[in-house]
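Step one of this worksheet: look at the structure below.
Chain letters run A, B, ... following the sequence lines, proteins first, then strands; residues in each count from 1. Computed from a predicted model, the values in this text were never measured in an experiment.
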Amino acid sequence: MAGFDKVVGSYAEAMAGLEDGMTVIAGGFGLCGIPENLIAEIKRKGTRDLTIVSNNCGVDGFGLGILLEDRQIKKMVSSYVGENALFEQQLLAGELEVELTPQGTLAEKMRAGGAGIPAFYTATGYGTPVGEGKEVREFNGRPYILEESIRGDFAIVKAWKGDRYGNLVYRHTAQNFNPMAATAGKITVVEIEQLVEPGELEPSQIHTPGIYVDRVIVGSFEKRIEQRTVRSAN
Amino acid sequence: MAGFDKVVGSYAEAMAGLEDGMTVIAGGFGLCGIPENLIAEIKRKGTRDLTIVSNNCGVDGFGLGILLEDRQIKKMVSSYVGENALFEQQLLAGELEVELTPQGTLAEKMRAGGAGIPAFYTATGYGTPVGEGKEVREFNGRPYILEESIRGDFAIVKAWKGDRYGNLVYRHTAQNFNPMAATAGKITVVEIEQLVEPGELEPSQIHTPGIYVDRVIVGSFEKRIEQRTVRSAN
Amino acid sequence: MSLSREQLAMRVARELQDGYYVNLGIGIPTLVANYVPEGMNVMLQSENGLLGMGPFPTEQQLDADMINAGKQTVTAVQGASIFSSAESFAMIRGGHVDLTVLGAFEVDVHGNIASWMIPGKLIKGMGGAMDLVAGADNIVVTMTHASKHGESKLLPQCSLPLTGAGCIKKVVTDLAYVEIADGKFWLKERAPGISVDEIVAKTAGELVVPEVVPEMEF
Amino acid sequence: MSLSREQLAMRVARELQDGYYVNLGIGIPTLVANYVPEGMNVMLQSENGLLGMGPFPTEQQLDADMINAGKQTVTAVQGASIFSSAESFAMIRGGHVDLTVLGAFEVDVHGNIASWMIPGKLIKGMGGAMDLVAGADNIVVTMTHASKHGESKLLPQCSLPLTGAGCIKKVVTDLAYVEIADGKFWLKERAPGISVDEIVAKTAGELVVPEVVPEMEF
């Protein structure tokens, strides 16, 4: 199935076409399930003035945080950016713009973007700064605000297992924003831990059907833990 | 986990509380993945003036078609109702109302209903009879119509495997509308083929998390085939 | 000679490209799957929730839980995925399907299509057709050029209630291949042995005819 | 004596019912999980996509791909499910979570809550808090009744930017359990040894005080 073989051989190839000023949607929650090597490739490329749509912005020195070091990010669209001293510094210095978006609204904006729904109503954020300037409308006597969907020039995604066709399965809570991000990129690039043969993934257990995916690369991952909490074994 | 044990022992118990005039959302596509025994229980109960939200209305003598025999359905919300002579007869006689809804819009209306999204914009149906009387709005230069979500007093769902907590997995294309229906009922009743122990279903491979489900019943199914198409084995 | 059903499917199949995800409607569009060119791979999407539809099952493979959007029993190819109707139409509405092929009663010079409802006749419903025409960039309509009574189906303005507005750019009929742009039909190819005069006579909407109209080859 | 963090969690835990799906915010709300009454079962929802959150892992169980909304490594209980953020907030926004517990800076008599932003200080973001308060019918806010400087956090009108409007009905503070209805606070219980006078003095919004205000029992 030559036309459906989406595996690329290098990270340079995986991120080919990314240009200054583009919008990149990234999967991951905190440092869990982030496309860490695709992010590193963006740093290596030195692409600038990026708008990054991601629930968080990594930490100092890991994840999206490394794109702050050379000031590659112009704007973040996120629900929470509090884990990152460099972020704070650039924000206060006016070098970085941030559009804070409620977590559920952010997830739904990505899904809607991928699903051809340009806008939807939600009660989330009504009466708060998030609702300012947005249309308010009542349904069944309750006010809702209008939120528009998000699409990206690129989406960067981390999955567990994948096949050449781009069918993907995520592992545990590393799923998070990845499935929605995968649908919302004009070019969707996925890095996976394990390449399997087409047919190995049970069709009805595939989280992301390959139709959403343009490029697949097999990577190895550090998977840094942000809050290491353990209990004693007994 | 007593408080989470949702298994009921009889179909009467499964559909307890269903009253005349209620709205019932049903999973299934054609005769595939329909909650055939829950439908039979509605016939047995004789509940009337029902609004049924389902992609199709079964066939004469099977599936939702059997609810037409005693005129239990007041209104159907469906995308396609062409497989049913009794349906045609009651529609032409003015005994039955039908609200034809594009298939994708119908699926999204159910999902939105379950997800707390009261309305969304879609290009589907713009400029057609479906768009008549609905708000039109442009996003990025393209016109879209506003569609409102659907919730039901009951949702009736057919799954393959399920546990006592209501976690569900669907089999092959019997998934179809069932996951969305499951989220959109005030009371969601599921009939399953196979009861498994909590923990047997891999957490990240559950199609419908138990939080959406109120009652579970184990049934046996005829699974009638609507269009039997086969090829020779060689 | 006007094209046969098989020839219509063969002509539509030339719009396929390697690696395309394709949704084929019921009827002639379904036949397109039989004419995928050698060495080319396409993946068929069935809107009830199957990407990678395979052939009909053998008696041994027959499974009531495995059907296509036409409610026929089918199989899945290796590498297929199966999902909910909401996910299926997210793909369709979101423009992820590369090519959609469907039938119609009428199309017009504005790219409008009418394919689901004849007032006065029983209305069975639009199924997924409205979503498919609204979601796809690349749609091929295939139908006869005129009705049995000789009335053109390529109109200045659709007379029947629409399935979608302004969404059709390519029409393969039994007489011709026609594109729609700038409020006109553009004649691109004619069926073997069909004269330009016949096509002009059977096209009610404005038709631009180039000096040379190549014949389709099969 | 004003309630300790553990006592706050214990009082909130009395709002639990058998079979409840519960979302617990970061901080004191998290402690509520330690005080689920004997014989009662609740299932914890973590908004990053986990229903059925278990205790922290042992060293052997530790897994970077298994975290909660506070980004802490966790485990899953038997019968848990794991899903996307869109599915997680479909549950939350759709009102499927039975009880949500979260902290706040301020609440007011209109049921407004401010919990995410102090102008002039660095804004870190609202995370899932706005979705949680908009989606839940049954929310318990837990916080200190007044600031360290003695300023009431139960106000006629929130002074800080809101997290949600008109959504809070129950507040457990270190001094009292208060309900919100009809544009007023309603004093329902007081912490052991805390006088009604002290509660009145530290409640800036209109507070309705019944003749008898029972003491919380622990």
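- Residue contact with chain D, scored on non-hydrogen atoms closer than 4.5 Å, is absent for Asn84(A).
- With a 4.5 angstrom heavy-atom cutoff, Leu91(A) touches chain D only via side-chain atoms.
- Note that the CZ atom of Arg228(A) and the CG atom of Leu62(D) stand 5.0 Å from one another [nearest 0.5 Å].
- A distance of 13.5 Å separates CE in Met130(D) from OH in Tyr126(A), rounded to the nearest 0.5 Å.
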task: List the steps, then state whether salt bridge (charged side-chain N to carboxylate O under 4.0 Å, His left out) holds for Glu59(D) with Arg231(A).
output: CA-CA 7 Å; Glu59(D) 286 284 351; Arg231(A) 66 189 160 96; over 6 Å; no
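- When each of Thr122(A), Thr128(A), Thr229(A) is scored by its heavy-atom pairs under 4.5 Å with chain D, the top score falls to Thr229(A).
- Along residues 84-93 of chain D, the residues that come nearer than 4.5 angstrom to chain A, judged on non-hydrogen atoms, are Ser84(D), Ser85(D), Ala86(D), Phe89(D), Arg93(D) in order of number.
- The CD1 atom of Ile67(D) sits 8.0 Å away from atom CG of Leu31(A), with the distance rounded to the nearest 0.5 Å.
- Highest contact tally toward chain A, considering only Ala165(D), Gly127(D), Ala64(D), is held by Gly127(D) [criterion: heavy-atom pairs under 4.5 Å].
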field: salt bridge (charged side-chain N to carboxylate O under 4.0 Å, His left out) evaluation trace for Lys124(D) with Glu88(A)
entry: CA-CA 9 Å; Lys124(D) 297 191 167 192; Glu88(A) 182 172 341; 5.6 Å; no
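- If you take CZ on Phe177(A) and CG on Asn48(D), they are separated by 9.5 Å, rounding to the nearest 0.5 Å.
- In this structure, Val230(A) and Thr58(D) have side chains that are not in contact, with every pair of non-hydrogen atoms separated by 4.5 Å or more.
- Here the straight-line distance linking atom CD of Gln103(A) with atom CG of Asp131(D) works out to 7.0 Å at 0.5 Å rounding.
- If you measure heavy-atom distances from Leu92(A) to chain D, the contacts under 4.5 Å come from the side chain alone.
- Within a 6.0 Å sphere centred on OH of Tyr212(A), other residues, nucleotides and ligands contribute more than 12 heavy atoms.
- Here the straight-line distance linking atom CD of Glu193(A) with atom CG of Asp65(D) works out to 6.0 Å at 0.5 Å rounding.
- In this structure, Arg171(A) and Met66(D) have side chains that are not in contact, with every pair of non-hydrogen atoms separated by 4.5 Å or more.
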